[in-house]
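A short write-up of the structure that comes next.
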Amino acid sequence: MSDLEDEYRLDYFDEEGFVRTACSSCGDHFWTRDERRETCGEPPCASYEFVGSPGFDESYTLSEMREAFLSFFEERDHERIDPYPVAANRWRDDVLLTQASVYDFQPHVTSGQAPPPANPLTVSQPCIRMQDIDNVGKTGRHTMAFEMMAHHAFNAREEAEGYAYEGEVYWKDETVAYCDELLREMGADPEKVTYIEDPWVGGGNAGPAIEVIYEGLELATLVFMSMERDEDGDYLLKDGNRYSKMDTYVVDTGYGLERWTWMAQGTPTVYEAVYPETIDFLKQHAGVDYTDEEDRLVAEAATMAGGLDVDDVDDVEAARGEIAAELGVDVERLRDLVEPLESIYAVADHCRTLAYMLGDGIVPSNVKTGYLARMVLRRTKRLVDDAGVDVPLDELVDMQAERLGYENRDTIREIVRAEEEQYRETLERGSRRVESLAAEYADRGDPLPTGRLVELYDSHGIQPETVREIAAREGASVEVPDDFYALVADRHGGDDGGETAAETDDRAAEVADLPETDLLFYDDPTGTAFEAVVLDCFEREDGYDVVLDQTLFYPEGGGQPADTGALRTDDDSFAVTDVQSVDGVVLHRTDGNPGSGAIVRGSLDAERRRALMRAHTATHVVGHAAREVLGDHVRQAGAQKGVESSRLDVRHFRRIGRDEIEAIERVANRIVRQNLSVRQSWPDRNEAEAAHGFDIYQGGIPPGEQVRLITVGDDVQACAGTHVERTGDVGLITVLSTEPIQDGVERIAFAAGAAAVAATQRVERTLVDTAETLDVSPPEVPETAQRFFDEWKERGKEIDRLTEELAAARAAGDGGGETVEVGDATVVVRRLDADADELRATANAVVDEGRTAVLGSAAGGSAQVVVGVPDGVPIDAGEAVARLSERLGGGGGGPPDFAQGGGPDADALDDVLADAPGVLRAVHNA
RNA sequence: GGGCUCGUAGAUCAGCGGUAGAUCGCUUCCUUCGCAAGGAAGAGGCCCUGGGUUCGAAUCCCAGCGAGUCCA
């Protein structure tokens, strides 16, 4: 076993006269030109030296610094590439947001499966780190959104084969030399630069890494990704796992653009350096106007905070007293001065984050990336309100979107406004809830229990602070426990089930030695018959999986169902019912075994295949139409093609309206009429991404060096499915329905070709049938239905009125009933086979006449009894009913003046009613 | 993907096994110089849908649909 110490002994350090030193404060090892240097230079071992006196020769703005960095590496043979979106899930499915420049090249490039877009390359990659959200604005140096400037080189060992790049571009010495040279060019004093040894581990990879510190600020991290997790590896690293060297090794650097700009300007916090205009604007609109003396105080406090070990919010709070004492001011005064600024800094950063997120097409929702966007937006809204900024949030976000050069600014504003509105409604709903809850507890003089507080937050999204405010108005006290968020977490139960049911398919092992099946349908998309040799055959519970050397059968994938058909030999015919692809080997599920080595003729169910091809092309057309109608943020969230109908799930921030559906239909059918050609091509992944962006990955992210593109007019998508040759072949496209399948995702169901005609006819048939029933012509149906419904309601009311009238008439006449005296009371005992409503109404009418009613009915299969007692009569109706209905095999009860009950034994009703006077006597005065 | 909360009058909600309610809004009348004023009368409900339990379900149980929210 060995550690990584040797990895840091660079020729470059030797040549330049560096020495290796252990920090006298933290013990970390670092490299420096200054032999007398004792500490590593990073806070808390040292403090900021550049605030107030910039560490570089010239003052750079953010964009000037970016340009300086990129052109520095361009001049040194690095190709400059465009940054990727911040929504990393657009090209990889293991993460949500881009958190580092190397994300752009994971997993295919770093693993060596695909070539990088250039080698070496340089990029300034916007990133978002939600982990820092609480620290933003407060620590003076944390931002949620930032640009990671980087240069990357992708190397493969000489002897390694089968990788998408080969040989060594450059490695550690050159990387450190570049960094040194860049710093020197900026005017940094080389004597003050330290390179700290800090091995990096992450995501199953690892390697030596170096932190670059200058004047107390970490300016860059140079990572040498060269190891992977390996139980038998030689290296035991800080995460407790073993690692061994890989065949590929990658230079992964990260230079914080914001930090470099800050260093060049020497402002009190990073925020003033990054967005000076935004902060001025916010201060102005929040009415923050400090005197020179106050400004100086704030600046000094910020500088001091930088020198302390301030890594999160709690540290800031703890340090504030110290700082106030040092500055000789009251801690309260310092807080009053600093807190408004902290909010403003955070707002500036959050708005930039939102601009990135929404600009890159993230639609807020309650899941995944959309949830993160919503969280940031709501937090920002609270901060804006707290700080008293009198500018609408959509305008603040738009300012950043404009600065970042996004073109979908109208949509961004619309989304922000829609989200604000929804948040407002949530808060309003919440306030009402809290108010009534608080009033309840205030009446009893109790404080609001913690359980309620947790529920209000978890189920209704109301911050505990908000609850406290509202409750105070109602006069209820609220105690927010320190471990509040832990309690919320508890409510979410036993943590991630983590039942990674990685039941690796046995089938993968079976086919491991078989060659990948030659897929004929790409070259011959319209073919329906072919010949092939049976390579192998596996017996299954319900048939056989036949492997051929080549096939026209499309295996299920990309939302397109498998083809069906038959395999024939000279003697036999086998039905193909399902087709799956396992690691490139196509398995044909059949009802018989043709035998290995047999030559078979395959034939597809041609009609089914054609319908699926139409459906697949239609899916692209509908998706394109949806984007045209709803906006560029519309992305595919899933799709399923079918013979009868297909569906496309798209991200959108509100329900799709009837007008929009019709517009989508019009656009889709226009594309059909234009009869555009549908072309396929197999470009390199990088070329495809460069030419068409990541929007080609609507249907998912395929692996491999090359991707298959399907081009329909302006629409380009990576797609493995089968398509018709021209859009005209799709025929009619009709949208069947839309429905929300989750927040931020709408499902569009549609049909194409003959299925579309059939669907239209079905709808028409329904209408015609309905019209026939109503005996009117189809256009009159809505009006007539309305009239019928109104009449139906009117009749219901009429029936209620008549029931009451009838009841009154019965009560007045008491015909057919028996009247008995129980004590002083007159009791009407009567059977009338009516429903419960009528029974009750009649009993009420009898009671209104001052008499007691005992009514029975056997209308609905079971027996019902109702007893009504006028005021002042000492008979307990509930008790009477209980006794009566017991004899009917059931039960019953109610208040003393009016009760009802019954039982299944309808035959006993007459007897029970006959005995009723006796029962009433028994409960009389009881 | 999972947890939790909620679906009752046009709106906001109460009721939580026994005859569907309140407030605002609406209609008509009275009062008033006038009204987000006062008084009187009235209209307005498949209590989300479907099963189950029960003599009886808006109410309890199950499933579905819908809305909201928190977490991965």
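Letters A, B, ... are given to chains in the order of the sequence lines, protein chains preceding strands, and every chain is numbered from 1.
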Is the base of B:U69 touched by the side chain of A:D458 through a donor-acceptor pair closer than 3.5 angstrom?
no
With sequence neighbours left out, write down each residue that passes side-chain contact (heavy atoms from CB on, under 4.5 Å) with A:N366, or none if nothing qualifies.
A:R374, A:D743
How would you list, by chain and number, every residue that makes a ring pair (Phe, Tyr, Trp, His ring centres under 6.0 Å) with A:Y457, sequence neighbours excluded?
A:F484, A:Y485
Using the closest heavy atom to pick a nucleotide of RNA chain B for each, name whichever of A:P904 or A:L456 lands nearer the 5' end.
A:P904
Phosphate-side-chain proximity, A:R432 and B:C13, N/O vs OP1/OP2 below 4.0 Å
yes
Can you tell me which nucleotide in B:G68, B:C55, B:C6 comes closest to the side chain of A:R433?
B:C6
Show me the dot-bracket string of RNA chain B, counting Watson-Crick or G-U pairs under 3.5 Å, with | for pairs to another strand and [ ] for crossing ones.
(((((((..((((....[..)))).(((((.......))))).....(((((..]....)))))))))))).
Measure the distance from CG on A:L453 to C1' on B:C4 and round it to the nearest whole Å.
15 Å
Return each pair, listed once, that meets salt bridge (charged side-chain N to carboxylate O under 4.0 Å, His left out) where at least one residue sits in residues 451-474 of chain A; pairs must be two or more places apart or across chains.
A:D458-A:R491
Mind calculating the distance between CG (A:D907) and C1' (B:C55) to the nearest angstrom?
15 Å
Can you see which heavy atom on A:A639 is nearest to which on A:L648, and at what distance?
CB-CD1, 4.1 Å
A:D915: salt bridge (charged side-chain N to carboxylate O under 4.0 Å, His left out) partners, not counting sequence neighbours
A:R887
Base, sugar-phosphate alone, or nothing: which one does A:D837 contact when heavy atoms must sit under 4.0 Å apart?
nothing
Whole-Å distance separating the CD atom of A:E428 from the P atom of B:A11:
15 Å
When you compare the side chains of A:S343 and A:D386, does any donor N or O come within less than 3.5 Å of an acceptor on the partner?
no
Any salt bridge (charged side-chain N to carboxylate O under 4.0 Å, His left out) pairs touching residues 838-848 of chain A, not counting sequence neighbours?
A:R810-A:E838, A:D837-A:R840
Look at the side-chain N and O atoms of A:T426 and state whether any lies under 4.0 Å from the OP1 or OP2 oxygen of B:U69.
yes
With heavy atoms under 4.0 Å as the rule, sort A:S885 into base, sugar-phosphate or nothing.
nothing
Could you work out the separation of B:G15 and B:C33 based on their C1' atoms and round it to a whole Å?
45 Å
If you measure from the P atom in B:G66 to the same atom in B:G56, how many Å do you get, rounded?
32 Å
Rounded distance in Å between the C1' positions of B:U53 and B:C60
8 Å
Less than 4.0 angstrom between a side-chain N/O of A:R374 and OP1 or OP2 of B:U69, yes or no?
yes
Classify A:G903 by what it touches in the nucleic acid, base, sugar-phosphate, or nothing, heavy-atom distance under 4.0 Å.
sugar-phosphate
pi-stack flag for A:F898 and B:U19, centroid dist under 5.5 Å, interplanar under 30°
yes
Which is true for A:V367 with a 4.0 Å heavy-atom rule: it touches a base, it touches only sugar-phosphate, or it touches nothing?
base
Shortest non-hydrogen contact from A:I128 to A:M357?
CD1-CG, 3.6 Å
Using the P atom as the reference point in each nucleotide, state the distance between B:C55 and B:G1 in Å, no decimals.
42 Å
To the nearest angstrom, how far is A:E838 atom CD from B:G56 atom P?
19 Å
Checking all strands, does A:R378 fall into the base, sugar-phosphate, or nothing category for heavy-atom contacts under 4.0 angstrom?
sugar-phosphate
Distance between the C1' atoms of B:C48 and B:G39, in whole angstroms?
39 Å
Assign A:G461 to base, sugar-phosphate, or nothing according to its heavy-atom contacts below 4.0 angstrom with the strands shown.
sugar-phosphate
Length of the CZ-C1' vector between A:R429 and B:C70, whole Å
14 Å
Atom CG of A:D848 to atom P of B:U19: distance rounded to whole Å?
16 Å
Taking the side chain of A:V488 as its heavy atoms from C-beta onward, which of B:C70, B:U19, B:C6 lies nearest to it?
B:C70
Quick check: on RNA chain B, is the nucleotide nearest A:D897 upstream (toward 5') of the one nearest A:S459, or the reverse? Name the residue that is more 5'.
A:S459
Span that lies between the C1' atom of B:G18 and that of B:A58, in whole angstrom
13 Å
So, OP1 or OP2 of B:C55: does either fall under 4.0 Å of a side-chain N or O from A:Q900?
no
Roughly how many Å is it from CG in A:L427 to C1' in B:G68, rounded to a whole number?
12 Å
Pick the P atom in B:C47 and in B:U59, then give their distance to the nearest Å.
11 Å
When the aromatic ring centroids of A:Y84 and A:Y103 are compared, is their separation below 6.0 Å?
no
May I ask you to check whether A:Y697 and A:W91 place their ring centres under 6.0 Å from each other?
no
Taking any heavy-atom pair under 4.0 Å as a contact, classify A:Q422: base, sugar-phosphate, or nothing.
sugar-phosphate
Using the C1' atom in both, what is the distance from B:A14 to B:G45, to the nearest Å?
15 Å
In whole Å, I'd like the distance from the CD atom of A:E879 to the P atom of B:G18.
18 Å
What's the closest nucleotide to the side chain of A:N366 if the choices are B:U69, B:A72, B:U5?
B:U69
